[in-house]
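Single-structure report; data block below.
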There are 2 protein chains.
Amino acid sequence: MHPAPLLKDLDPRLNALVMDLIGRVADKWTMTVLEVLAEAGTLRFTRLAEAVPGVSQKMLTQTLRAMQRDGLLLRTVHPVVPPHVDYRLTDLGLSLGEAFCGVWTWAEVHMERVESARTAFDGRG
Amino acid sequence: MHPAPLLKDLDPRLNALVMDLIGRVADKWTMTVLEVLAEAGTLRFTRLAEAVPGVSQKMLTQTLRAMQRDGLLLRTVHPVVPPHVDYRLTDLGLSLGEAFCGVWTWAEVHMERVESARTAFDGRG
DNA sequence: CAGGATCCCGCCAGATACTG
DNA sequence: CAGTATCTGGCGGGATCCTG
């Protein structure tokens with residue numbers, strides 16, 4: 001019933017590194033960019049900004065830089081005027097996107113249960 | 001090649017709700033508590049604090065409250081002295097834990113690739 | 001034992017203005 | 001178009017002290 005490696009069985013230092021990495025990639029914007037690019041394939045900055053609802057230009061830039069640094073994303077600059085920059089996922093990014101897909105699906109499927117749990121919890125004070 | 005529901009195909013408002021929910025549950029501490037409790041079954045506060053490396057008492061309390069409110073967690077108070085409080089996952093929590101399992105595994109498997117990607121990126125400045 | 005309350009600092013993230 | 005630069009308020013989160 002526990003096919004995955006368990007927390008206490010691992011080297012604590014390795015564990016901390018894994019947790020740090022998760023802290024990095026498991027945020028709303030990264031997950032959304034992952035989903036959008038997994039679907040669209042390749043997008044430029046402005047299209048990406050449109051496809052990620054609610055993101056500010058600053059956060060998008062930061063997220064993209066971090067993802068590029070982590071090897072999740074490929075950034076291609078076409079030296080033309082006006083500037084043209086393409087973003088697409090690497091194999092690594094795609095694999096993470098697939099891993100996150102389960103979480104995304106979970107959120108969609110169980111959202112109502114969570115909502116009603118919150119209502120019940122708040123009702124009791 | 002895209003079996004999952006795609007972002008642009010969904011109701012924007014629903015989408016925002018899903019993203020908010022993800023923003024809530026997809027953090028380091030929640031994921032770790034999920035992993036720990038999925039493994040251990042039931043734990044009391046202090047054991048949990050020991051099992052989640054690096055967590056502060058405040059963050060653990062906050063995380064547990066939020067998880068309880070979202071219906072991921074069951075909190076049982078045994079009216080004895082000294083106080084005895086048990087935490088265990090609900091079915092909903094377990095299902096989220098399974099969804100996150102893929103992300104956790106991804107982080108373990110690909111950590112070295114991410115590290116070297118970072119080194120390469122930082123090297124180029 | 002399982003937390004609540006409080007203080008405080010850092011950085012996160014939005015808004016705005018500017019540039020190659 | 002695709003960003004940088006700067007300022008700023010808010011709050012995330014640690015440390016510490018206290019309590020039923």
Side-chain angles (χ1 to χ4, degrees), chain A residues 16 19-33 36-37 40 42-70 73-89 121-122 124-125, chain B residues 16 19-33 36-37 40-70 72-89 121-122 124-125:
Chain A
M19 284 180 60
D20 282 351
L21 178 53
I22 285 180
R24 273 288 178 94
V25 299
D27 74 293
K28 190 170 144 180
W29 299 133
T30 300
M31 286 186 63
T32 306
V33 168
V36 167
L37 281 185
T42 301
L43 285 179
R44 24 196 318 192
F45 186 85
T46 302
R47 299 285 157 267
L48 209 37
E50 292 166 357
V52 179
V55 75
S56 68
Q57 178 202 55
K58 179 182 178 180
M59 285 314 297
L60 183 57
T61 301
Q62 279 183 16
T63 301
L64 292 174
R65 283 293 174 282
M67 291 177 69
Q68 184 189 1
R69 178 172 184 263
D70 289 348
L73 199 70
L74 225 57
R75 180 177 182 266
T76 311
V77 181
H78 301 277
V80 296
V81 282
H84 186 123
V85 180
D86 281 333
Y87 293 95
R88 54 182 281 260
L89 296 182
F121 184 89
D122 295 344
R124 299 165 197 276
Chain B
M19 284 179 61
D20 283 350
L21 179 53
I22 286 181
R24 274 286 176 95
V25 300
D27 74 293
K28 190 170 145 181
W29 300 132
T30 300
M31 286 187 62
T32 307
V33 168
V36 166
L37 281 185
T42 301
L43 284 178
R44 24 198 315 194
F45 187 85
T46 303
R47 299 286 158 266
L48 208 37
E50 293 166 358
V52 179
V55 75
S56 69
Q57 175 213 47
K58 179 181 178 179
M59 286 315 297
L60 182 56
T61 301
Q62 278 184 18
T63 302
L64 292 174
R65 283 294 174 281
M67 291 176 70
Q68 183 189 359
R69 177 171 184 264
D70 288 348
L72 305 176
L73 199 68
L74 224 57
R75 180 177 183 265
T76 312
V77 181
H78 302 277
V80 296
V81 281
H84 186 124
V85 180
D86 282 334
Y87 293 95
R88 52 181 281 261
L89 296 182
F121 184 89
D122 295 343
R124 301 165 195 276

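To find a chain, count down the sequence lines: A is the first, B the second, and so on, and within it residues start at 1. These numbers come from a predicted model, not from an experiment.
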Spacing between [X] atom [atom1] and [N] atom [atom2], to the nearest angstrom:
| X | N | atom1 | atom2 | value |
| --- | --- | --- | --- | --- |
| A:Y87 | D:dC1 | OH | P | 14 Å |
| B:R24 | D:dG12 | CZ | C1' | 14 Å |
| A:L48 | D:dG3 | CG | C1' | 13 Å |
| A:H78 | D:dG3 | NE2 | P | 12 Å |

Rounded to 10°, tell me the angle between the two end axes of the helix from C:dC1-D:dG20 to C:dG20-D:dC1, each built from five pairs. 60°
Strictly by side chain to side chain donor-acceptor pair (under 3.5 Å), give each pair with a member in residues 48-64 of chain B just once, sequence neighbours left out. B:R47-B:E50
Side-chain N or O of A:R44 less than 4.0 angstrom from OP1 or OP2 on D:dA2? yes
Is any side-chain nitrogen or oxygen of A:R47 closer than 4.0 Å to OP1 or OP2 of D:dA2? no
Could you go through the side chain to side chain contact (heavy atoms under 4.5 Å, CB included) check for B:L43 and B:V36 one step at a time? CA-CA 9 Å; B:L43 284 178; B:V36 166; 3.7 Å; yes
Criterion side chain to side chain contact (heavy atoms under 4.5 Å, CB included) on B:V33 and B:V55, from CA distance to verdict: CA-CA 10 Å; B:V33 168; B:V55 75; over 6 Å; no
Could you list, one pair per line, each protein nitrogen or oxygen that sits under 3.5 Å from a nitrogen or oxygen of nucleotides 13-15 of chain D, together with the distance?
unit_1 : atom_1 : unit_2 : atom_2 : d
D:dG13 : N7     : B:K58  : NZ     : 2.8
D:dG13 : O6     : B:K58  : NZ     : 3.4
D:dG14 : OP2    : B:S56  : OG     : 2.8
D:dG14 : O6     : B:K58  : NZ     : 2.5

Minimum heavy-atom distance B:A51-B:P53, with the two atoms named: O-CD, 3.1 Å
Would you say the side chain of A:L48 lies within less than 4.5 Å of the side chain of A:L64, judging by non-hydrogen atoms? yes
Report, one line per pair, each donor and acceptor closer than 3.5 Å where one atom sits in a side chain of residues 20-27 of chain B; sequence neighbours left out.
unit_1 : atom_1 : unit_2 : atom_2 : d
B:D20  : OD1    : A:K28  : NZ     : 3.4
B:D27  : OD1    : B:T30  : OG1    : 2.5
B:D27  : OD2    : B:W29  : N      : 3.3

For A:R65, which residues count as a side chain to side chain donor-acceptor pair (under 3.5 Å) partner, sequence neighbours excluded? none
A:R75: what forms a side chain to side chain donor-acceptor pair (under 3.5 Å) with it, not counting sequence neighbours? A:Y87
Along DNA chain C, first and last positions that approach a heavy atom of chain A under 4.0 Å: C:dA13 to C:dG20
Say you draw a straight line from CG of B:L89 to CG of B:L74; how long is it, rounded to the nearest 0.5 Å? 9.5 Å
Do other residues, nucleotides or ligands put more than 12 heavy atoms under 6.0 Å from A:R88 CZ? no
Mind checking side chain to side chain contact (heavy atoms under 4.5 Å, CB included) for A:D86 and listing every partner two or more places apart, or none if nothing turns up? A:T42, A:R44, A:T76, A:H78, A:H84
